[in-house]
Amino acid sequence: MLVTGKQILDHANEHGYAVGAFNINNMEILQAVIMAAEKENSPVIVQTSEGAIKYAGIEYFEALVHLAANKTKVPVCLHLDHGTTYNTIISCIRHGWSSVMIDGSHHDLKGNIAVTSEIVKVAHAVGVSVEAELGRLSGIEDQISVSEKDAIYTNPDEAVEFVNATGVDSLAIAIGTAHGKYKGEPKLDMERLDTIKKMLKMPIVLHGASGITEAQITEAVKLGVNKINIDTDVRQAFTDGVRKVIETKPEEFDPRKICGPARDLMCEVVASKMRMFGSSGQAWTL
Ligand SMILES: [Zn+2]
């Protein structure tokens, strides 16, 4: 069933677990994510980036994800990851996305509040949930000084001001994760997470969580992270699966026999994330 981001994340917040938000780019990735959610009896967030929408077409994702959600009993949310323009976000809302992210994190606090509030007003009018981001994620390296941390990590007082001013349903924070593949081993600022969660009490989102150690993920979930974005690990599983077939059976040319094993591999990866995040067995019914 298709549900909103708020429905999924409020349940996770209330019961102390995190829901995986998996980026999809094609049918096989979507099927792998839904298969894993059913196997684990877990709620799930399927998300599309603006680039993925450009690649597959908005109508394709609308039809595919609505079909998948309607066919399954587990709660499924269709979410726009890193919406940057008003037009994209409104198009997604028109095409049945049940949750959107407005990424105004490159603006200063005032600017971020302004663009986010505008989206919240429209989205909430039609029952669509909104995630926003405060702090900066990109280019975060392993070793960074305290003053650098204060400059780019999410400031707890600003987070309170931001949430009160905008009325967002969930907040992505910067505590040391980065998008893409890590060079060293990232270390998350758990103290900052703890402070922010205690002040906000609302669903907290972690981006760039591929490659974070299981111990740190478990700790972050315990401290109140309720949505964890995973893209890189699933991409890697897809490519590993495809590569294995092409290397071991170079004469193979049937797309089903090339993409099928990749789909199985992605399903395993997604299911293991669900167990790690504590969402396994948490599927609820309306
Ligand atoms: Zn992100």
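Whatever order the structure lists ligands and atoms in, that order sets their numbers, starting from 1.
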Visitor: Please list, chain by chain and in numerical order, all residues satisfying side-chain hydrogen bond (donor to acceptor under 3.5 Å, both in side chains) with Ser49, sequence neighbours excluded.
Guide: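 Partners of Ser49 by the side-chain hydrogen bond (donor to acceptor under 3.5 Å, both in side chains) criterion come out as none, since no residue qualifies.
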
Visitor: Using the salt bridge (charged side-chain N to carboxylate O under 4.0 Å, His left out) rule, collect all pairs that involve residues 213-229, keeping only residues at least two apart or in two chains.
Guide: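 Sorted result for residues 213-229: Glu131-Lys227.
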
Visitor: Show the numbers, then the answer: is there a side-chain contact (heavy atoms from CB on, under 4.5 Å) between Asp81 and Phe22?
Guide: CA-CA 10 Å; Asp81 189 24; Phe22 302 95; over 6 Å; no

Visitor: For the Zn ion (ligand 1), which protein N/O/S atoms fall under 2.8 Å? Skip waters.
Guide: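 Protein N, O or S atoms closer than 2.8 Å to the Zn ion (ligand 1): His82 NE2, His179 NE2, His207 ND1.
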
Visitor: Only pairs under 3.5 Å count here: list side-chain donor-acceptor contacts from residues 31-39, not counting sequence neighbours, and write none if there are none.
Guide:
from	atom 1	to	atom 2	distance (Å)
Gln31	OE1	Arg263	NH1	2.6
Glu38	OE2	Thr72	OG1	2.7

Visitor: Between the side chains of Asp169 and His124, is a donor N or O closer than 3.5 angstrom to an acceptor N or O?
Guide: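 On atom types as modelled, these side chains qualify, holding a pair under 3.5 Å.
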
Visitor: Flag the pair Asp108 and Lys110 as a salt bridge only when some basic side-chain nitrogen lies within less than 4.0 angstrom of an acidic carboxylate oxygen.
Guide: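 So Asp108 does not pair with Lys110 through a salt bridge.
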
